[in-house]
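To keep things clear, I will list the structure first and then write my remarks on it.
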Protein chains: 2
Amino acid sequence: MSIIFSRECEYALQSVTYLARTKQGEKISIRELARTLKIPRHFLAKILQRLTRKGFLISAKGPTGGFALSMPAKDITLFHIVDAIDGLAFANSCVLGFRECSGKHPCAVHDQWGEIRDTLYEMLVSRNVSQMGAAMKKPEYEAAGN
Amino acid sequence: MSIIFSRECEYALQSVTYLARTKQGEKISIRELARTLKIPRHFLAKILQRLTRKGFLISAKGPTGGFALSMPAKDITLFHIVDAIDGLAFANSCVLGFRECSGKHPCAVHDQWGEIRDTLYEMLVSRNVSQMGAAMKKPEYEAAGN
DNA sequence: TTAATTTAAGACAAAACAGTCTGATATAAA
DNA sequence: TTTATATCAGACTGTTTTGTCTTAAATTAA
């Protein structure tokens, strides 16, 4: 079970982190990404295509083709990817599921969750993909299944 | 979309919070809970039965029957309910989905997420259902659908 | 030009999650 | 005892998420 991001979003974050570690101009194939990150290949293909349409990746067909970041890795934050794949519901929804939860009708943990949510938000906007790639100690990523 | 808890868990938390507001000895029917919290009736029934089997609620059949907390509301924490319904995967899983994420093989946001997770954990264990009920300003709960 | 390789696209399938329905069982009160 | 009302239990359905498969289109290199 994923925590707060969908599987798709987790895979997207893992993929862009991996791409951030490659040399400028280098293209990575779905095959390599899927094998390294242990992500189902065709599922990953759809995710990468989606990120391409959203403008974060560029793709090339044919032999020597593959995917690469479309912009400097430091210009892509985790927030960008989460927004593109899962949307921002996490930033606006009540953690207990109350529809009317707000400043006026706060649920019983409204304030505590607000702090947690703000910290999470801060984490997403402050971390760019370049830092992400650099922070990964090992190149052999092991992706979580379940 | 739910944030971190499943729908079922959100409904469970809402229900025990509501039950915590009732007088000692009073029983609440599924009908009343479902109507007030706007939860699908038969779905709620299954959730309440599950909480009953787990020992948090007592139930009585027949007219004047219904559900009530099986113990003082202050003895039930949010943590108890989340554990009973969703389990504790949130406390152990990598937020980016990496299987091997740990102190030795930390993912790029391992430490930041660790703080968030600990704060969340603290919120769940420190808040009991009695406080929850008392903190709800309005009795007319409005449950989130979507 | 042809063959091999890669992404693009969308239909399809499986699994997980959410919600519904029906009949059985228990209980209270008339 | 009968009737009405409530939970109990589990099968069933629908929806969303996750994952698979196939064909087309593009590109490189022989």
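Lettering follows sequence order; numbering is per chain, from 1. Quick caveat, the model's predicted, so the values are computed rather than measured.
The pair A:Glu32-A:Arg35 does not count as a salt bridge, with every side-chain nitrogen at least 4.0 angstrom from each carboxylate oxygen.
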Donor-acceptor pairs under 3.5 angstrom involving side-chain atoms of residues 56-67 of chain B: please list them, not counting sequence neighbours.
none

Expected rows: protein N/O vs nucleotides 9-15 of chain C N/O, under 3.5 Å:
residue: C:dA9; atom: OP2; partner: A:Arg53; partner atom: NH1; Å: 3.1

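Residues forming a side-chain hydrogen bond (donor to acceptor under 3.5 Å, both in side chains) with B:Asp86 (at least two apart in sequence, or on another chain): B:Ser6. With sequence neighbours left out, A:Gln24 forms a side chain to side chain contact (heavy atoms under 4.5 Å, CB included) with no residue at all. With sequence neighbours excluded, the residues that form a ring-ring contact (aromatic ring centres under 6.0 Å, His included) with A:Phe79 are A:Tyr121. Every residue meeting the side-chain hydrogen bond (donor to acceptor under 3.5 Å, both in side chains) condition with A:Glu8, not counting sequence neighbours, appears here in chain and number order: A:Arg50. By the side-chain hydrogen bond (donor to acceptor under 3.5 Å, both in side chains) test, A:His110 pairs with no residue at all, sequence neighbours left out. With sequence neighbours excluded, the residues forming a side chain to side chain contact (heavy atoms under 4.5 Å, CB included) with A:Glu122 are A:Val125, A:Ser126, listed by chain and number.
Between B:Arg31 atom CZ and D:dA6 atom C1' there is a gap of 9 Å when expressed in whole angstrom units. Separating the CD1 atom of B:Ile39 from the P atom of C:dG19 is a distance of 10 Å, rounded to the nearest angstrom.
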Would you give a per-nucleotide map of nucleotides 24-30 of chain D, 5' to 3', where B means the base has a protein non-hydrogen atom under 4.0 Å away, S means only the sugar-phosphate does, and - means neither?
-BBBB--
